[in-house]
Amino acid sequence: MRIGPRPESPYNAQFHVQRSHTTGNKPMYKTHTCGELRLSHCDQTAMLAGWVNVRRDHGGLIFLDLRDRFGITQVVVDADKYPDAHAIASQARSEFVLKVAGTVRERPEGSANPTFATGEVELAAREVAILNHSETPPFYISDEADETDEALRLQYRYLDLRRPRMLRNLRLRHAIISDIRAYLAERDFIEVETPHLLKSTPEGARDFVVPSRLQQGSFYALPQSPQQLKQLLMVAGLDRYFQIARCFRDEDLRADRQPEFTQLDLEMSFVEPEDIRSLMEPLLIQLAQDHQSCRIQETPFPVLTYRECMDRFGTDRPDLRFGVELFDATRILQESGFKVFSGAVARGGVVKGVVHPGGAGLSRREMDRLTELARQGGARGLAWLGLEHDVADASDIGDGTFRSPIARHLDPRELAGLVAAAGARAGDMILLVADAESVVAASLHLLRSDIGRTAGLIDPDLFAFCWVTDFPLLEMDAEAGRWMAVHHPFTSARDQDWDRLEDDPGSVLAKAYDVVLNGWEIGGGSIRIHDQARQQQLFRALGLPDAEVQQEFGHLLKAFRYGAPPHGGIAMGLDRIVALWAGATNIRDVIAFPKTATGSDLLFDCPAPIDSEQLLELGIDVTV
RNA sequence: GGAGGCGUGGUGUAGCGGUUAGCAUAUCGGCCUGUCAAGCCGAAGGUCGCGGGUUCAAAUCCCGUCGUCUCCGCCA
């Protein structure tokens, strides 16, 4: 098949109507877009086509706000001058598709509408044609429909996407992707597509599988990411690869997780972590500057180690827009007579806390809510001390110093040490959790995030990026009873850590890095293992039997025998990036056709059963 | 797998044991020539998600279930 030049359409224009104008390739239905007419067009004849956004019928005079992707233009239809046009316009209703021809004119003195770019002019209609009728839409085609039940919006997604906010999000997504492509192309990256029908891999997320008709009983798996493919492309000598890649993971969903999502996936040869960071950081800065009004808190992006993140924030994706850092009270309370604390320490746990600035006066009800939050993190409870007066040392402590159910269990020396460690002042609320380190971290992270939101500590116009490095390579999986890769099993250990892999696997750190923005992990990557022997060493550390390794990863190990270059890369969560840039609280709002939390598409009504013939052909027997 | 929130005319909501199920908006009809979510007058529109239970009486209380949202587990 011959591939011809792509026809230019005004709809390809990124933002501006100007381009549509200069293509000289107007559709037959219109001479201008609905966002195009200005005073300079006055007295010209124009033809517009679009949807009725609003109709205002004054009897002898009808105003129609005609909307298309590019804007809204007011059409006026006068019964005296053009009775035929008026008769048709009076039948028009919301979301009817119209074609209107007439004369562009300045609006009468005092009736311009600065809300619209076209607000100084109107189209005086001579001819109106109804191109299509519309049923009354189930919700307003307006940004106010954000209040509408999201399920209804998803069911009528094609109407939802007519709303300015959703349209803006789709445009933003397109603009970001375009800029990414241009940025990487300038730097010698090659975009390569990789297969969606591939092989299931153990480790990692659950796979979506696709049955094979030609080989009944066998299945493809949709890739969780193009990880192995991009490594093979490095072996192939591509040197620099990227892809706007669709990834599939059959795991439970969240506001920031969809079963299929989009990554900017890239890989480079002959690099160390610093190379990847210095490639991505200017890109993120450029995207922020070009498509966001937010101020970037700090450049170069701060680099924190995983350990530091966990100690200071209880999470490896800290929101750096505000303080409220964790403090450690383990040593102060380890010998306390209050067993909640000393007992936890005796069991190998820690006592840590955060300060809620100005939170001393929080209601009992509010404290119950925070306690519940701590429980969500796994804690058994939450200890709290509202500080009524400043405390310099133990002698300052009296009956009215604390508002707290637990202060009476602690002696003045412990209390003074606690206040000092917390850095708390009069009016603050100290929150404490005592448990295993991971539980304390999880609970305090939830509390800190909540405090940041509810206490108004977050500047919404701030972008706080950071890199997180030095992740552990492995973690012990209690259920499986073996070590698992924290990132993925192709991640390289730091050079100096390899010889501890057998004896002390938990201490080995990885050449892995994440990019975090405002508490969202927006990307992560690593330097990979490019040596066959090292890769096998790691598979052994993971306790994977050789036979299984050969079956699952033999292709990769074999490729490594043919001169694999040192390489590494990163995957950026494109949906999350666009969501953060768009100010959206979930990624569904930046995906044209997303799925619900139960993985349903409400527009297509799927997943759905398939008929028995299809099953037979695939050799599948459904038992549920 | 677990926890919690929500579900009332098309939409957004009020009502939380006895109401004629209220309000706003949309819709339909009438009037209306400078509006811009036009205005005024009028009308129609409800299996209170579904099933069961408690009660003389359930939108309201209880149990189950479905849908949806958020979080925990999970997401190499």
Side-chain angles (χ1 to χ4, degrees), chain A residues 53-65 72-81 86 93-95 107-116 118-119 122 124 135-156 201-207 224-225 227-228 247-259 261 369 372-379 439 442-443 445-446 449-450 471 473-475 477-479 483-491 510 512 521 524 526 538 542 544 571 573 585-586 588 595-598 600 602 605:
Chain A
N53 198 55
V54 179
R55 179 187 62 121
R56 292 179 295 278
D57 188 344
H58 289 225
L61 198 66
I62 297 173
F63 295 96
L64 296 167
D65 285 351
I72 291 179
T73 300
Q74 175 167 285
V75 172
V76 195
V77 194
D78 190 319
D80 290 343
K81 293 178 184 153
H86 183 270
R93 295 293 183 271
S94 288
E95 301 309 312
R107 293 198 194 183
E109 184 78 33
S111 62
N113 185 347
T115 315
F116 302 119
T118 61
E122 61 193 7
E135 289 186 24
T136 302
F139 50 83
Y140 281 117
I141 308 301
S142 148
D143 282 341
E144 287 163 50
D146 283 350
E147 309 302 319
T148 303
D149 181 18
E150 194 182 351
L152 193 74
R153 289 173 45 207
L154 290 173
Q155 206 179 323
Y156 293 91
T201 53
E203 307 283 299
R206 241 175 251 117
D207 292 309
Q224 298 166 25
S225 81
Q227 179 59 40
Q228 293 184 56
C247 306
F248 306 88
R249 292 178 194 173
D250 187 7
E251 296 293 345
D252 288 0
L253 308 181
R254 289 284 190 283
D256 61 353
R257 283 182 359 209
Q258 282 276 300
F261 60 100
R369 193 183 66 80
E372 183 47 41
L373 208 54
R375 288 211 175 95
Q376 274 181 25
V439 169
S443 298
H445 165 58
L446 289 173
S449 302
D450 187 79
F471 286 86
L473 185 67
L474 306 171
E475 66 187 345
D477 184 305
E479 253 178 69
W483 292 94
M484 304 280 275
V486 169
H487 190 53
H488 56 56
F490 316 110
T491 300
E521 182 196 325
S526 63
L538 182 59
L542 294 174
L544 298 177
T585 52
N586 69 69
R588 292 185 299 277
K595 294 181 174 48
T596 68
T598 50
S600 294
L602 299 180
D605 190 22

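Everything numeric here is computed off the predicted structure, so don't read it as measured data. We use all heavy atoms of the structure for the numbers below, so side chains are in, but hydrogens, waters and symmetry mates are not.
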Presence of A:Thr596 side-chain N/O under 4.0 Å of B:rU68 phosphate oxygens OP1/OP2:
yes
Atom CG of A:Asn53 to atom P of B:rU35: distance rounded to whole Å?
19 Å
Looking across every strand, which nucleic acid part, if any, lies under 4.0 Å from A:Asp149 by heavy atom: base, sugar-phosphate, or nothing?
sugar-phosphate
Do we see A:His58 stacking on the base of B:rA38, given a limit of 5.5 Å between centres and 30° between planes?
yes
Which is true for A:Gln155 with a 4.0 Å heavy-atom rule: it touches a base, it touches only sugar-phosphate, or it touches nothing?
nothing
Report yes if at least one side-chain N or O of A:Arg249 is closer than 4.0 Å to OP1 or OP2 of B:rC74; otherwise report no.
no
Measuring to OP1 and OP2 of B:rU35, would you say a side-chain N or O of A:Arg56 lies under 4.0 angstrom away?
no
Does A:Ala112 reach a base, just sugar-phosphate, or nothing at all? Heavy atoms under 4.0 Å.
base
Base, sugar-phosphate alone, or nothing: which one does A:Phe139 contact when heavy atoms must sit under 4.0 Å apart?
nothing
A:Tyr156 has an atom OH; how far is it from atom P of B:rG10, in whole Å?
11 Å
Heavy atoms under 4.0 Å, any strand shown: does A:Ser225 hit a base, just sugar-phosphate, or nothing?
base
Any N or O donor-acceptor pair under 3.5 Å from the base of B:rU35 to the side chain of A:Gln74?
yes
With rounding to whole Å, what would you report as the distance between B:rA44 and B:rC50 at their P atoms?
25 Å
Counting the atoms with a prime plus P, OP1 and OP2 as sugar-phosphate, which does A:Gln227 contact under 4.0 Å by heavy atoms, base, sugar-phosphate, or nothing?
base
Sugar-phosphate only, base, or nothing, as touched by A:Leu154 at under 4.0 Å among non-hydrogen atoms:
nothing
Beyond-backbone contact of A:Thr201 with A:Gln228, side-chain heavy atoms, under 4.5 angstrom:
yes
Base, sugar-phosphate, or nothing for A:Ser111, non-hydrogen atoms under 4.0 angstrom?
base
Side-chain-base donor-acceptor pair under 3.5 Å for A:Asp252 and B:rC75:
no
Need to verify one output field. Residue with the more 5' nearest nucleotide on RNA chain B, A:Thr201 or A:Glu372?
A:Glu372
A:Leu152 near the nucleic acid: base, sugar-phosphate alone, or nothing, with a heavy-atom cut-off under 4.0 Å?
sugar-phosphate
Could you check how far CG of A:Asp477 sits from P of B:rG73, rounded to whole Å?
13 Å
Opposite nucleotide pairing with B:rC23, Watson-Crick or G-U, both atom distances under 3.5 Å:
B:rG12
Applying a 4.0 Å non-hydrogen cut-off, can you work out what A:Arg93 is touching in the nucleic acid: base, sugar-phosphate, or nothing?
sugar-phosphate
Determine the contact category for A:Arg369: base if any of its heavy atoms lies under 4.0 Å from a base atom, sugar-phosphate if only primed atoms, P, OP1 or OP2 are that close, otherwise nothing.
nothing
Report the distance from atom CZ of A:Arg254 to atom C1' of B:rC72, rounded to the nearest whole Å.
7 Å
NA contact type, A:Thr491, heavy-atom cut-off 4.0 Å: base, sugar-phosphate, or nothing?
nothing
Using Watson-Crick or G-U wobble geometry with both distances below 3.5 Å, tell me the partner of B:rU65, or none.
B:rG49
Look at the side chain of A:Glu144 and the base of B:rA37, then say whether one donor and one acceptor between them are separated by less than 3.5 Å.
yes
